[in-house]
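Structure first, commentary second.
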Protein chains: 2
Amino acid sequence: MMDETEQIDRIRLFNRAYTRRIGVLDEGLLDSPFSLTEARILFEIATAPDISAGSLGGILDLDAGYLSRTLKKLEQSGLVVASRPAEDGRRRALRLTAAGESAFKALDAASRDAVAGMLGPLGPQNRLRLVAAADTILACLAGSPEPAARLRAHQPGDMGWIIERHGALYAAEYDFDARFEALVAEIAADFLRHFDPARSCCLIAARGDERLGSAMVVDAGDGVAKLRLVLVEPQARGLGLGRLLLEGCLDFARQAGYRRMTLWTNSILTTARQLYETAGFQLVDEAEHSDFGPRLIGQSWTRDL
Amino acid sequence: MMDETEQIDRIRLFNRAYTRRIGVLDEGLLDSPFSLTEARILFEIATAPDISAGSLGGILDLDAGYLSRTLKKLEQSGLVVASRPAEDGRRRALRLTAAGESAFKALDAASRDAVAGMLGPLGPQNRLRLVAAADTILACLAGSPEPAARLRAHQPGDMGWIIERHGALYAAEYDFDARFEALVAEIAADFLRHFDPARSCCLIAARGDERLGSAMVVDAGDGVAKLRLVLVEPQARGLGLGRLLLEGCLDFARQAGYRRMTLWTNSILTTARQLYETAGFQLVDEAEHSDFGPRLIGQSWTRDL
DNA sequence: AGCCAATAGTTGACAAAAGCAACGATATGC
DNA sequence: GCATATCGTTGCTTTTGTCAACTATTGGCT
């Protein structure tokens with residue numbers, strides 16, 4: 001895990017590195033006749049015509065006096081005009097003249113080129129990642145409360161994802177071999193082949209587009225529902241998603257009229273074991289096996305609904 | 001898709017927003033007796049003791065004259081000492097005094113607090129996302145030139161990925177239903193169950209960790225190899241990956257001693273059809289079916305090896 | 001209506017920050 | 001040992017930013 005100190009250090013590292021980058025970008029404006037502040041002023045006026053000097057200063061965090069002087073210079077150069085709006089004789093509504101517009105366009109193009117120059121050497125894939133990461137940062141800072149993880153029914157591709165994550169995670173964490181992924185694929189294929197919305201369900205825990213966990217219920221006959229393929233991604237553990245998925249499955253099974261629910265798991269999955277125990281499941285059988293490579297103890301659990 | 005113009009605009013938006021954020025952070029240093037530049041100088045000297053004024057200026061992009069004066073001020077305040085290293089009488093090796101160290105520590109703590117204040121109101125999940133995104137941006141910019149796509153053998157999780165992408169892509173592009181994903185899962189499970197490195201193979205086209213395409217060869221009996229599950233991700237199309245995968249499969253089949261290669265596909269997959277034609281495959285059979293929902297024309301292709 | 005406080009912007013004086021160019025001291029290459 | 005380059009310093013200048021006093025206008029209040 002990453003503690004707060006390390007988070008802060010990494011953000012500070014990022015701030016240093018990135019501001020230096022941006023500094024390099026802004027140097028591109030050096031061969032224009034405008035200072036960075038002037039360019040920012042032109043940009044803001046172009047974006048929000050009839051803006052007042054006051055709000056401009058607020059946005060750019062400029063001293064009122066300094067701003068006033070700078071604006072006067074821009075007016076004298078014929079790039080900006082100010083009018084006294086009828087409704088408030090104190091304010092001055094700022095606008096770009098035609099010359100101001102074209103100066104802004106040139107600046108804007110230069111700034112665009114500078115960014116393009118930064119993105120240029122990156123591969124198309126890296127560019128997308130970069131833009132996505134920038135969006136993420138803004139979203140996080142905007143404090144857009146991170147979309148809550150929620151349960152949804154399965155969609156095309158979800159079965160494959162379940163197989164992939166089971167295969168990759170159990171291989172990495174417990175050294176399961178390919179037979180495990182094969183078994184999961186068979187279970188998933190079987191689920192899709194015989195999917196009956198009244199008798200079976202597959203729940204995906206997702207946050208936005210990101211899949212965080214899975215669980216499914218299938219008909220085991222005799223009024224017994226079988227819980228399968230319960231998985232929570234490592235980065236999403238500790239959020240109660242396992243509980244959420246399990247509750248969703250129990251609810252579904254009850255509504256579907258099942259009397260009991262059973263599941264099969266392996267003893268090394270201690271977190272899962274706790275989850276099942278607190279959810280009222282009872283261990284009914286254990287048997288050693290080596291179906292997936294390492295020596296394991298398979299467990300059957302059950303509970304009434 | 002996102003075109004370059006939009007990427008640039010979003011990065012520019014990010015730059016504006018983020019620099020403003022950092023500006024706010026730096027204001028935290030205002031109640032220290034140091035200017036931002038002095039603080040940066042202290043930071044660099046603390047990080048790299050015995051640094052020369054020249055490289056300091058290079059790192060911080062400061063005018064040599066300005067830097068010289070600022071350093072003199074810091075020396076007079078007793079925070080920095082400079083020594084003439086024996087090996088080069090022109091340079092001056094800069095170090096913090098004890099007082100300098102403690103001043104730096106205070107600055108460092110203030111900066112850390114400022115960042116902590118920025119991260120504070122975010123949720124723990126958002127903090128992690130933010131840090132991860134910042135790392136991503138630096139990694140992208142570090143311009144680790146995007147690794148070339150290459151073929152590799154399958155690994156744990158790859159079969160699941162193949163199933164996921166087949167399921168999701170064919171559903172989105174051709175409206176295939178769940179039976180298709182089920183079929184792919186069965187094929188994949190079968191492959192894993194009966195995988196024999198001498199008789200079958202699965203190739204994954206990958207760029208770094210990112211999977212871009214797949215193809216597999218299985219034994220169809222009578223010296224015939226069957227090509228299955230050829231897929232290239234939309235964002236990686238046009239790079240010749242399909243060709244690469246196909247050649248890899250043909251090479252494997254020849255080395256494994258197969259006499260012929262067959263494959264089954266559907267007529268709507270026109271890009272794939274061209275790929276097979278140019279690779280020397282010949283259409284031997286067509287049959288209408290609706291196995292995956294829409295009415296399709298299945299095609300069998302074959303070629304000698 | 002008339003007064004007062006608040007708001008929007010301007011101006012002068014000044015300080016800090018930054019840039020430029022000339023210069024001295026030392027090192028390096030031929 | 002001389003030309004040339006490097007490292008740093010200093011004087012001078014411009015740019016940038018700050019502060020406080022000031023004018024003009026508005027809006028609320030009695």
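Residue numbering restarts at 1 for every chain, and letters A, B, ... go by the order of the sequence lines. All heavy atoms count here, side chains included; hydrogens, waters and symmetry mates do not.
Side chain of A/Asp88, nearest nucleotide from C/dT10, D/dT16, D/dT26: D/dT26. When the nucleotides D/dG17, C/dA8, D/dG8 are ranked by their closest atom to the side chain of A/Arg91, C/dA8 comes out on top. The side chain of A/Ala53 sits closest to C/dG9 out of D/dT16, C/dA18, C/dG9. Out of C/dA17, C/dC20, D/dT26, the shortest distance to the side chain of B/Asp63 is found at C/dC20.
When the C1' atom of C/dC20 is taken as reference, atom CG of B/Asp61 falls 15 Å away, rounded to whole Å. Distance B/Ile51 CD1 to D/dC7 P: 13 Å, rounded to the nearest Å. Regarding A/Glu38, its CD atom lies at a distance of 17 Å from the P atom of D/dT14, rounded to whole Å. Look at CG on A/Leu60: it is 13 Å from P on D/dT18, rounded to the nearest Å. In this structure, CG of B/Leu71 is placed 13 Å from C1' of D/dC7, rounded to the nearest angstrom. Between the CG atom of B/Leu62 and the P atom of D/dT9 there is a distance of 14 Å, given to the nearest Å. Remark: C1' of D/dT9 and CZ of B/Arg92 are 9 Å apart, rounded to the nearest angstrom. Between the CZ atom of B/Arg84 and the P atom of D/dT6 there is a distance of 18 Å, given to the nearest Å.
Within the 4.0 angstrom heavy-atom criterion, no nucleotide atom of any strand lies near A/Thr70.
The shortest non-hydrogen separation linking A/Leu138 to B/Ala17 is CD2-CB, 3.7 Å.
The base of D/dT18 sits with one of its N or O atoms less than 3.5 Å from a complementary donor or acceptor on the side chain of A/Arg69.
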Chi angles and distances behind the side chain to side chain contact (heavy atoms under 4.5 Å, CB included) call for A/Leu67, A/Thr37: CA-CA 9 Å; A/Leu67 177 58; A/Thr37 307; over 6 Å; no
Steps toward side chain to side chain contact (heavy atoms under 4.5 Å, CB included) verdict (A/Leu13, A/Asp9): CA-CA 6 Å; A/Leu13 176 67; A/Asp9 285 342; over 6 Å; no
Verdict with reasoning, A/Ile137 to A/Phe14, per side chain to side chain contact (heavy atoms under 4.5 Å, CB included): CA-CA 12 Å; A/Ile137 289 183; A/Phe14 172 75; 4.2 Å; yes
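Applying the 4.0 Å criterion to OP1 and OP2 of C/dG9, one finds that A/Lys72 has every side-chain N and O outside that range.
Here the CG-CG distance, from B/Leu94 to B/Leu74, works out to 9.5 Å after rounding to the nearest 0.5 Å.
Mapping A/Arg90 and B/Glu75 onto DNA chain D by nearest heavy atom places B/Glu75 at the nucleotide closer to the 5' end.
Side-chain N/O atoms of A/Thr271 and A/Arg237 include no donor and acceptor closer than 3.5 Å. The closest side-chain donor-acceptor pair between A/Asn15 and A/Arg12, if any, does not fall under 3.5 angstrom.
One end of the helix from C/dA1-D/dT30 to C/dC30-D/dG1 points its axis 20° away from the other end's axis, with each axis taken from 5 pairs and the angle rounded to 10°.
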